[in-house]
Protein chains: 2
Amino acid sequence: MRIGQLARSVGVDTQTVRFYEREGLLPPPDRQDNGYRVYTERHVERLAFIRRCRILELSLAEIHELQRYQTAPHQPCRAINTLLDDHITHVRSRITDLQVLEKQLVSLRASCNDDREIEACGVLDGLSEGNMQQ
Amino acid sequence: MRIGQLARSVGVDTQTVRFYEREGLLPPPDRQDNGYRVYTERHVERLAFIRRCRILELSLAEIHELQRYQTAPHQPCRAINTLLDDHITHVRSRITDLQVLEKQLVSLRASCNDDREIEACGVLDGLSEGNMQQ
DNA sequence: TAAAACCATATAGTCACTATAAGGTCAATA
DNA sequence: TATTGACCTTATAGTGACTATATGGTTTTA
Ligand SMILES: [Zn+2]
Ligand SMILES: [Zn+2]
Ligand SMILES: [Zn+2]
Ligand SMILES: [Zn+2]
């Protein structure tokens with residue numbers, strides 16, 4: 001299987017596949033005589049694993065860490081669960097931050113209606129004066 | 001006032017101040033004979049405006065747009081309000097995305113307890129098999 | 001045979017900074 | 001007076017995870 005078929009089968013760009021290879025997330029495949037990369041079913045699985053991790057917004061570093069765990073199948077899995085817990089914590093704290101942000105933005109937006117002049121715009125005024133909480 | 005004092009008074013790094021100048025968000029100040037930048041109170045206000053916008057996670061492009069509006073004080077302010085509405089929409093859709101993500105992550109995490117071998121880790125298994133919704 | 005589709009590498013751009021390097025200026029201290 | 005330390009200058013590279021572009025070779029199809 002060549003790079004285009006691999007990429008299509010998992011739903012990424014061919015550039016991304018080469019990028020993952022450079023980053024050490026995908027093992028370098030064999031090459032044809034003309035230099036074309038040739039992939040196996042194991043590459044498909046490996047790339048699909050990366051893709052599922054990325055959909056969950058795990059970083060490439062976290063994915064790398066997971067891959068290292070996979071090479072030691074008889075170690076306890078606590079580190080993996082901890083990695084996921086940490087990631088969940090990050091996601092939750094980002095949600096909280098954005099919810100605070102949303103409140104501030106909505107409150108700022110409420111300080112203006114349309115049909116004013118820019119000079120009198122409540123939004124611009126709120127951004128210019130330092131009446132911001134936090 | 002020199003760059004260090006300006007930066008401290010608004011709570012950014014001096015590098016960031018120079019960066020904003022290069023990006024056209026902060027007007028180039030006068031220079032002393034030795035080349036040092038000299039800022040006025042108007043620069044403080046301008047930088048504080050940028051900072052408040054950044055806290056609300058407006059992009060530098062959006063801040064630039066707001067600054068352009070400020071130079072035409074007698075235009076209607078609808079564009080400003082629209083800019084903010086769009087930004088709120090982005091923030092909300094990001095919150096929604098992250099909430100979906102959090103659910104998926106929590107469900108994945110629930111498929112494992114500690115004290116298993118990596119081979120049997122429910123988390124790793126969930127990432128390896130394609131049992132993901134969406 | 002020629003166009004379309006595919007493959008290769010190398011390099012630069014995205015965003016909003018942040019870090020590093022290498023050096024010039026100024027006031028206070030040993 | 002010499003030197004330390006805090007400040008300032010510019011230029012360049014790094015961050016993360018791609019994405020875009022340039023340039024050229026190869027394979028498949030019409
Ligand atoms: Zn994470
Ligand atoms: Zn308005
Ligand atoms: Zn925005
Ligand atoms: Zn586990």
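Predicted model, so just to flag it, every value in this text is computed and none were measured. Convention: sequence-line order gives letters A, B, ...; per-chain numbering from 1.
- Side chain of Arg18(A) to backbone of Arg22(A): no donor-acceptor contact under 3.5 angstrom is found.
- Counting non-hydrogen atoms under 4.0 angstrom, Arg31(A) reaches the backbone sugars and phosphates but no base.
- Within the 4.0 Å cut-off from OP1 or OP2 of dA16(C), not a single side-chain nitrogen or oxygen of Tyr20(B) is found.
- The side chain of Arg2(B) contributes no N or O atom lying less than 4.0 Å from OP1 or OP2 of dA6(D).
- As rounded to whole Å, 14 Å separates atom C1' of dC7(C) from atom CD of Gln5(A).
- Which of dC18(D), dA16(C), dA8(C) sits closest to the side chain of Ile3(A) comes down to dA8(C).
- At whole-Å resolution of the value, CD in Glu62(A) and P in dA17(D) are 9 Å apart.
- Summarising the local packing, CG of Asn34(A) is surrounded by more than 12 heavy atoms from other residues, nucleotides or ligands at distances under 6.0 Å.
- Between Arg37(B) and the phosphate of dT10(D), there is a side-chain N or O to OP1/OP2 separation shorter than 4.0 Å.
- To the nearest angstrom, P of dA12(C) lies 17 Å from CZ of Phe19(A).
- In this structure, the CD atom of Glu21(B) is 17 Å from the C1' atom of dA16(C), given to the nearest Å.
- When the side-chain nitrogen and oxygen atoms of Asn34(B) are compared with OP1 and OP2 of dT9(D), none of them lie within a distance under 4.0 Å.
- As a whole-Å value, the separation of Arg22(B) CZ from dA16(C) C1' is 11 Å.
- Counting non-hydrogen atoms under 4.0 angstrom, Arg18(A) reaches a base of the nucleic acid.
- Atom CZ of Arg42(A) has 12 or fewer heavy atoms from other residues, nucleotides or ligands within 6.0 Å.
- For the OP1/OP2 pair of dT19(D) and a distance below 4.0 Å, the side-chain nitrogens and oxygens of Thr16(A) include at least one atom meeting the criterion.
- A salt bridge (Lys or Arg N to Asp or Glu O under 4.0 Å) check over residues 72-100 of chain B, counting only residues at least two apart or in different chains, returns the pairs Glu57(A)-Arg94(B), Glu102(A)-Arg92(B), Arg109(A)-Asp85(B), Asp115(A)-Arg78(B).
- Rounded to an integer number of Å, the gap from CG of Asp13(A) to P of dA8(C) is 12 Å.
- Judged by distance alone, with hydrogens and angles left aside, the side-chain atoms of Ser128(A) form a donor-acceptor pair with the main-chain N or O of Leu124(A) at under 3.5 Å.
- Leu101(B) CG to His90(A) NE2: the interatomic distance, rounded to the nearest 0.5 Å, is 13.5 Å.
- In the helix from dT1(C)-dA30(D) to dA30(C)-dT1(D), the terminal helix axes, each the rotation mapping four pairs' C1' atoms onto the next four within five end pairs, subtend 30°, rounded to 10°.
- The main-chain N or O of Leu127(B) is found under 3.5 Å from a side-chain atom of Arg52(A) such that the two form a donor-acceptor pair.
- Between Gln15(A) and Gly4(A), the one whose closest nucleotide on DNA chain C sits nearer the 5' end is Gly4(A).
- Remark: C1' of dA17(D) and CG of Leu47(A) are 14 Å apart, rounded to the nearest angstrom.
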